[in-house]
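Below is one structure, written out as structure tokens; the observations come after it.
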Amino acid sequence: MSDRQVRVRFAPSPTGALHIGGVRTALYNYLFAKKHNGTFILRIEDTDQTRFVPGAEQYIADALAWLGISADEGVVNGGPHAPYRQSERKLMYREFAQRLVDSGNAYYAFDTTEELEAMRKRLEAAKVAAPQYNAISRSSMKNSLTLSEDETKRKLEAGEPYVVRIKIPRNEEVRFHDIIRGWVVVHTSSLDDKVLFKSDGMPTYHLANVVDDFLMNISHVIRGEEWLPSAPLHVLLYRYLGWENVMPQFAHLPLLLRPDGNGKLSKRDGDRLGFPVFPLDWQDPVSGEWSSGYREGGYFPDAVINLLALLGWHPGDNRELFTKEELVEAFSLEKVHKSGAKFDPDKARWFNQQYLRMRTNAELAMLFKVDIDKKLGSSANKWTIEYIEKVCHLIKEKAHFVKEFWDIGSFFFIAPDKCDESVIQKRWKDTVPGFFAKTVDIFASLSDFTAHNVEATFKKTAEESGIQPGSVMQLLRVILTGMSAGPALFETIELLGKDEVVNRIKKATEMLPK
Ligand code: GLU
């Protein structure tokens with residue numbers, strides 16, 4: 001790598017909720033900056049006012065804050081290149097559009113929407129595969145290349161609406177190096193004369209993006225593959241503005257694909273296939289449509305960081321679990337894959353499970369307590385946080401998310417009101433009621449009610465009654481928990497405590513078939 005100071009930016013447009021593909025772009029920029037002691041910038045590209053969505057910028061800031069992808073400079077904390085919102089930089093761009101016109105690399109175009117439409121139809125009729133405003137068609141349109149200088153001047157002075165278009169050379173090769181893809185060569189005959197600037201004074205994305213990357217001294221442009229087709233145009237802009245020697249290096253990241261590998265992971269796939277594709281819940285302010293987020297889905301932010309980091313990058317060994325610091329240490333753009341990364345919802349859940357297991361019981365108890373309070377209201381107060389911690393210890397192995405804890409372990413707080421009948425039917429024998437009546441009395445008289453002692457006592461009682469302990473153990477579990485499977489039985493019993501266990505068995509034996 002050159003010794004240029006690393007300065008990278010994440011430059012989303014506030015057009016809706018930030019897709020996880022965008023979050024991954026932000027993450028790779030962040031990791032790259034941290035790895036090279038560089039600067040990570042958050043810039044908002046809001047020049048297209050027609051696509052502006054209220055709340056979207058705040059959403060982006062909240063999502064990055066939740067994940068701890070914090071920018072060193074940008075819309076949230078300012079910095080030496082403020083403002084970082086392009087609409088607030090509006091006055092800076094005109095000069096550069098003018099420079100491009102003056103040097104003959106851009107031109108004014110006055111075509112109306114109807115005239116553009118007529119051109120498209122004409123080209124379609126002539127069987128042109130992709131009708132474009134380009135090096136060929138521009139010669140028959142209304143622009144400063146076809147109009148006289150006087151006519152152009154008159155139109156501009158009269159305030160006729162115009163756009164500034166780049167003048168793409170007719171027959172050239174544009175070559176640039178992409179860190180992930182290697183050399184990219186594009187022939188200018190496939191490029192169109194994109195609009196750079198409009199008479200309302202607003203630049204388009206292409207001009208604003210290049211100008212800001214230059215003014216903010218960006219060293220590397222790390223962004224999604226969907227921007228690769230725009231890169232040759234950007235290279236030409238750097239050249240025409242005389243900035244080729246400080247042009248950033250490009251790295252275009254692979255697409256995130258649907259779980260079946262068929263196409264790009266889209267906004268709608270998540271809720272359709274049952275997993276989030278957004279970091280936080282989002283309600284579209286116009287359509288009212290809800291999309292679910294990782295945060296509200298119960299994911300831990302460090303699990304999301306870990307799973308996103310591995311969607312398109314791997315250091316090459318067999319590690320899967322990385323802290324953020326380890327990711328910074330291991331990250332390199334050279335190890336980012338070229339091909340699309342399939343999103344795997346089961347793997348996403350697996351990551352959360354791993355992070356859940358790494359949480360202390362105390363942390364989990366604080367989270368679980370919120371649900372317990374909701375379920376039990378004021379009667380939740382009788383459970384101490386120490387008790388909830390012990391419950392977490394017993395049930396956490398069974399869960400992917402804290403929100404599953406209640407379903408797995410509600411019996412630690414309230415006696416089950418129904419039980420798995422199939423177990424009763426399968427395990428039922430005439431000797432059972434007598435056995436449990438005896439067990440209740442023995443349990444009630446035990447002074448040492450620890451898991452170990454209860455287990456030994458239970459087995460001994462079964463054997464003395466001529467019953468296989470295994471055949472009554474599952475019944476005991478169902479009686480106490482309502483379920484046929486769950487956490488370690490005798491540890492559960494110890495935690496429930498003698499009184500509760502005795503009560504539950506008594507109640508159940510009253511109801512058991514005689
Ligand atoms: N504003 C563009 C976007 O929404 C940024 C593309 C780039 O990083 O150059 O993704």
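If you read the sequence from its start, that first residue is 1, and numbering goes on from there. Since the model is a prediction, treat every value here as computed from it, not as a measurement.
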Go through it in stages, so that I can follow the logic: the residues are Ile20 and Phe343, the test is side-chain contact (heavy atoms from CB on, under 4.5 Å), and I'd like the CA-CA distance, side-chain angles, deciding distance and then a yes or no. CA-CA 10 Å; Ile20 45 163; Phe343 183 82; 3.9 Å; yes

Check against salt bridge (charged side-chain N to carboxylate O under 4.0 Å, His left out), Glu45 and Arg51: CA-CA 11 Å; Glu45 300 205 327; Arg51 298 184 62 216; over 6 Å; no

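Geometrically, Arg138 does not engage Tyr133 in a cation-pi contact defined by less than 6.0 Å to the ring centre and at most 45° from the axis. The cationic atom of Arg357 (NZ for Lys, CZ for Arg) does not lie both less than 6.0 Å from the six-membered ring centre of Tyr355 and within 45° of the ring axis. In this structure, Lys155 forms a cation-pi arrangement with Phe110, its terminal cationic atom sitting closer than 6.0 Å to the ring centre and no more than 45° off the ring axis. Cation-pi geometry between Lys403 and Phe401 is met: under 6.0 angstrom from the ring centre, within 45 degrees of the axis.
Using a 4.0 Å cut-off between charged nitrogen and carboxylate oxygen, Arg268 and Glu289 count as a salt-bridge pair. Under the 4.0 Å criterion applied to side-chain N and carboxylate O atoms, Lys34 and Asp72 are assigned as salt-bridge partners. A salt bridge links Asp269 with Arg272: the distance from a Lys NZ or Arg NE/NH1/NH2 to an Asp or Glu carboxylate oxygen falls below 4.0 Å. Between Lys375 and Asp373 there is no salt bridge, since none of the side-chain N atoms of the basic residue sits less than 4.0 Å from a carboxylate O of the acidic one. With salt bridges taken as basic N to acidic carboxylate O contacts below 4.0 Å, none links Lys35 and Glu329. In summary, Arg89 and Asp212 engage in a salt bridge, as defined by a charged side-chain N under 4.0 Å from a carboxylate O. In this structure, Arg154 pairs ionically with Glu151, as a charged nitrogen and a carboxylate oxygen lie closer than 4.0 Å. Residues Asp317 and Arg319 are paired through a salt bridge, judged by an N-O separation under 4.0 Å between the basic side chain and the carboxylate.
For residues 218-230, the set of pairs meeting the salt bridge (charged side-chain N to carboxylate O under 4.0 Å, His left out) definition, not counting sequence neighbours, comprises Arg181-Glu225.
Checked against the 6.0 Å centroid threshold, Trp243 and Phe96 count as a close aromatic pair. Aromatic pair Tyr238/His234: ring centres not closer than 6.0 Å.
Inspection of the Asn105 and Ser103 side chains reveals an N or O donor paired with an N or O acceptor under 3.5 Å. Side-chain contact of Glu149 with Thr152: a donor-acceptor pair under 3.5 Å is absent, judged by distance alone. Between the side chains of Glu73 and Tyr84, a donor-acceptor pair is found at a separation under 3.5 Å. Side chains of Ser339 and His337: no donor on one and acceptor on the other come within 3.5 Å. Side-chain contact of Asn217 with His81: a donor-acceptor pair under 3.5 Å is absent, judged by distance alone. Side-chain atoms of Asp193 and Tyr107 include a donor-acceptor pair closer than 3.5 Å.
Tyr299 is linked by a side chain to side chain donor-acceptor pair (under 3.5 Å) to nothing, counting only residues two or more places apart in sequence or in another chain. Residues satisfying the salt bridge (charged side-chain N to carboxylate O under 4.0 Å, His left out) test with Asp178, not counting sequence neighbours, are none. When the ring-ring contact (aromatic ring centres under 6.0 Å, His included) test is applied to Phe197, no partner is found at least two apart in sequence or on another chain. For the salt bridge (charged side-chain N to carboxylate O under 4.0 Å, His left out) test, residues two or more places apart in sequence or in another chain that qualify with Asp213 are Arg9, Arg43.
In this structure, the separation between CD1 on Ile222 and CD on Gln249 is 9.5 Å, given to the nearest 0.5 Å. With values rounded to the nearest 0.5 angstrom, His220 atom NE2 is found 13.0 Å from Arg7 atom CZ.
Smallest separation of non-hydrogen atoms from Met92 and Pro83: CE-CD, 4.4 Å. In terms of heavy atoms, Tyr93 sits closest to Gln86 at OH-CG, 3.4 Å.
By the neighbour-count criterion of 12 heavy atoms within 6.0 Å, atom NZ of Lys396 is densely surrounded, having more than that number from other residues, nucleotides or ligands. Counted within 6.0 Å of NZ on Lys90, heavy atoms from surrounding residues, nucleotides or ligands total more than 12; the atom is thus considered enclosed.
Side chain of Asp46 to main chain of Arg85: no donor-acceptor pair is present (N/O by atom type, distance under 3.5 Å, no hydrogens or angles). Using modelled atom types, one side-chain atom of Asn306 and one backbone atom of Phe322 make a donor-acceptor pair closer than 3.5 Å. In this structure, Thr47 contributes its side chain and Met202 its backbone to no donor-acceptor pair below 3.5 Å.
Partner of Trp282 under the ring pair (Phe, Tyr, Trp, His ring centres under 6.0 Å) criterion, chosen from Tyr294, Tyr59, Trp290: Tyr59.
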For residues 121-131, which side-chain donor-acceptor pairs fall under 3.5 Å, sequence neighbours excluded?
{"unit_1": "Glu124", "atom_1": "OE2", "unit_2": "Arg120", "atom_2": "NH1", "d": "2.6"}

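A tilted orientation is assigned to the rings of Trp313 and Phe331, their planes being inclined by 30° to 60°.
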